[in-house]
Amino acid sequence: MRESRPVAVETRHLIQDTLPAISEGGAPAAEVSQYACQRRTTTDNYNVVFTDAFEVLAECYEFNQMDGRCLAFRRAASVLKSLPRGLSSLEETHSLPCLGGHAKAIIGEILQHGRAFDVEKVLSDERYQTLKIFTSVFGVGPKTAEKWYRSGLRSLDHILADQSIQLNHMQQNGFLHYGDISRAVSKAEARALTKVIGETVQAITPDALLALTGGFRRGKEFGHDVDIIFTTLELGMEENLLLAVIKSLEKQGILLYCDYQASTFDLTKVPAHSFEAMDHFAKCFLILRLEASQVEEGLNSPVEDIRGWRAVRVDLVSPPVDRYAFALLGWTGSRV
DNA sequence: CGGCAT
DNA sequence: CGTAT
DNA sequence: GCCG
């Protein structure tokens, strides 16, 4: 995980026959592989109290453009998420990677008092609270949020009321569909959208491969978007397929927003380090209109919402067929 | 002290 | 700069 | 902030 790229295979990379060592106290020390593929599941988190705290600190450092420290706390959170049970003492952190003095101090405080001073301070900070709200808008990152904060703006209503602010297309859609796309997407909604995209793809080319990826493929019940990967068996036609799918969605009247990114994939330019190529397939970031009638368990919407539809963020990726399995692996993700 | 994913 | 994993 |  530290490397975040392929590394030379060493003895320590081989999967060990790990019977956890029984410590003096009796309970086996929480000892976990640094490799996500050796983890039992990728969805359970027995250390939410600690990982939530680390994620607050990571976000705070992100807002302050301290990328290194931000990354350090994101890694610390990932490590705790990979544990098979909740931490119950500081000693259990001794063998864990990516946890240093600061992270351990936070864990110690939370173990003792249920909260940590540094985290409480960040949570009560006006700048943090405001940047958190601004960056919750699709299309608004830390730089834009900071710019708005510096000019004295403190709420989304202030942003919308300010005549001098020029929202780009992505941000306009972020505000337009704010309620819908900040609400969780259910597994039933993801299945419904997979069916819509599947039928659309099928109508264009019968010899297609398609899969739901991202968090839902990892077994999550809820997500913040839907990731779908598909391709055609006809090598070289995958970009045309994606463009045809987008046109069809538009014709069906369900395409609310589309940011298309053409493939930059070129085998001759990235031969050896092909993991970098994952990013280079044709893809698009969409906002789609999902009809309530298409979702078996109904929409994940408040009861007072009588529209009969909701907007959902959907990402489509279309790799060449000989890269399909590889892209599926990449887009099934996990930060670890 | 430099690097930190693409 | 934003998005995604 | 953590690590090599």
Side-chain angles (χ1 to χ4, degrees), chain A residues 1-7 10 12 34 36 42 53-62 64-80 93 96-107 118-119 134-148 166-175 181 211-218 220 223-229 257-265 269-270 273-287 313-319 326-336:
Chain A
M1 186 188 67
R2 273 219 84 252
E3 282 73 11
S4 297
R5 60 184 172 81
V7 294
E10 301 163 24
R12 66 194 173 91
Q34 62 178 308
T42 55
F54 288 172
E55 278 161 6
V56 166
L57 294 175
E59 201 171 24
C60 174
Y61 286 125
E62 183 176 39
N64 291 307
Q65 331 268 309
M66 300 168 83
D67 296 354
R69 287 163 192 244
C70 169
L71 183 62
F73 275 107
R74 292 244 150 88
R75 281 176 175 158
S78 286
V79 166
L80 294 197
T93 65
L96 298 176
C98 307
L99 299 179
H102 196 176
K104 284 174 180 167
I106 301 286
I107 292 172
D118 288 0
V119 178
F134 289 171
T135 56
S136 73
V137 178
F138 176 67
V140 180
K143 301 286 185 181
T144 305
E146 165 68 17
K147 190 176 77 185
W148 291 346
Q166 289 290 317
L167 298 175
N168 65 28
H169 198 210
M170 198 183 281
Q171 292 159 350
Q172 289 177 30
N173 280 275
F175 276 102
I181 63 189
L212 177 61
T213 70
F216 291 109
R217 188 183 170 86
R218 299 200 305 273
K220 289 180 73 172
H224 89 284
D225 66 1
V226 179
D227 303 298
I228 296 169
I229 179 173
Y257 171 82
C258 175
D259 175 8
Y260 171 75
Q261 301 199 346
S263 169
T264 56
F265 180 73
K269 284 171 188 165
V270 276
H273 14 34
S274 54
F275 215 88
E276 293 168 18
M278 187 196 98
D279 218 33
H280 301 215
F281 305 130
K283 59 181 174 295
C284 60
F285 308 132
L286 309 179
I287 299 175
R313 277 273 303 107
V314 177
D315 297 324
L316 305 180
V317 189
S318 186
F326 169 76
L328 185 53
L329 175 65
W331 279 81
T332 299
S334 162
R335 282 201 189 78
V336 188

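Just so it is clear, the model here is predicted, and its values are computed rather than measured. Letters A, B, ... mirror the listed sequences (proteins, then strands); counts begin at 1.
For Glu146(A), the side-chain hydrogen bond (donor to acceptor under 3.5 Å, both in side chains) criterion is met by Arg127(A), Arg150(A), not counting sequence neighbours. Under the side-chain hydrogen bond (donor to acceptor under 3.5 Å, both in side chains) criterion, Asp259(A) pairs with no residue at all, not counting sequence neighbours. Partners of Asp315(A) by salt bridge (charged side-chain N to carboxylate O under 4.0 Å, His left out), not counting sequence neighbours, listed by chain and number: Arg313(A). The salt bridge (charged side-chain N to carboxylate O under 4.0 Å, His left out) test applied to Glu62(A) returns Arg74(A), not counting sequence neighbours. With sequence neighbours excluded, no residue satisfies side-chain hydrogen bond (donor to acceptor under 3.5 Å, both in side chains) with Lys104(A).
Contact annotation for Leu99(A): backbone-only contact, meaning every heavy-atom pair under 4.0 Å involves sugar-phosphate atoms and none involves a base. Within 4.0 Å (heavy atoms only), Asp67(A) reaches no atom of the nucleic acid at all. Using a 4.0 Å heavy-atom cutoff across all strands shown, Asp225(A) reaches sugar-phosphate atoms only and no base atom. Phe285(A) comes within 4.0 angstrom of a base, heavy atoms only. Looking at heavy-atom distances under 4.0 Å, Gly68(A) makes contact with a base.
Here Thr144(A) reaches the OP1 or OP2 of dG2(C): one of its side-chain N or O atoms lies under 4.0 Å away. Checking the phosphate oxygens (OP1, OP2) of dA4(C), a side-chain nitrogen or oxygen of Arg313(A) falls inside 4.0 Å. At the phosphate of dC4(B), neither OP1 nor OP2 sits under 4.0 Å from any side-chain N or O atom of Arg69(A). For His224(A) and dA4(C), the shortest distance from a side-chain N or O to OP1 or OP2 is below 4.0 Å.
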Apply side-chain contact (heavy atoms from CB on, under 4.5 Å) to the pair Ile107(A) and Phe54(A), showing each step before the final yes or no. CA-CA 9 Å; Ile107(A) 292 172; Phe54(A) 288 172; 3.7 Å; yes
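To the nearest angstrom, C1' of dA4(C) lies 12 Å from CZ of Arg218(A). Computed from coordinates, the Leu167(A) CG to dC1(C) P distance equals 17 Å when rounded to whole Å. Rounded to whole Å, atom P of dG2(C) lies 10 Å from atom CE of Met170(A). We find that CD1 of Ile228(A) is positioned 12 Å from P of dT5(C), with the value rounded to whole Å. When rounded to the nearest whole Å, the span between CZ of Arg74(A) and P of dT5(C) equals 14 Å. Atom CZ in Phe281(A) sits about 12 Å away from atom C1' in dT5(C), given to the nearest Å. Look at NE2 on His102(A): it is 17 Å from C1' on dC3(D), rounded to the nearest Å. Between the CD1 atom of Ile181(A) and the C1' atom of dG2(C) there is a distance of 13 Å, rounded to whole Å.
Between dC2(D) and dT6(B), the two P atoms lie 22 Å apart (nearest whole Å). Taking the P atoms as reference points, dC4(B) lies 23 Å from dA4(C), given to the whole Å.
Within the 6.0 Å centre-distance limit, the rings of Phe138(A) and Tyr257(A) are counted as a close aromatic pair.
Taking CG of Leu80(A) as the reference point, atom CZ of Arg75(A) lies at 14.5 Å (rounded to 0.5 Å).
Proximity note for Ala103(A) (side chain, C-beta onward) versus dG2(C), dC2(D), dA5(B): the nearest is dC2(D). When distances are taken from the side chain of Asp227(A) to each of dC1(C), dT5(C), dG1(D), the shortest belongs to dT5(C). Side-chain atoms of Phe138(A) lie closest to dT3(C) of the nucleotides dT3(C), dC1(C), dT5(C).
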Taking Watson-Crick (N1-N3 plus N6-O4 or O6-N4) and G-U wobble (N1-O2, O6-N3), each under 3.5 Å, can you produce the dot-bracket string of DNA chain B? Use [ ] for crossing pairs and | for inter-strand ones. ||||||
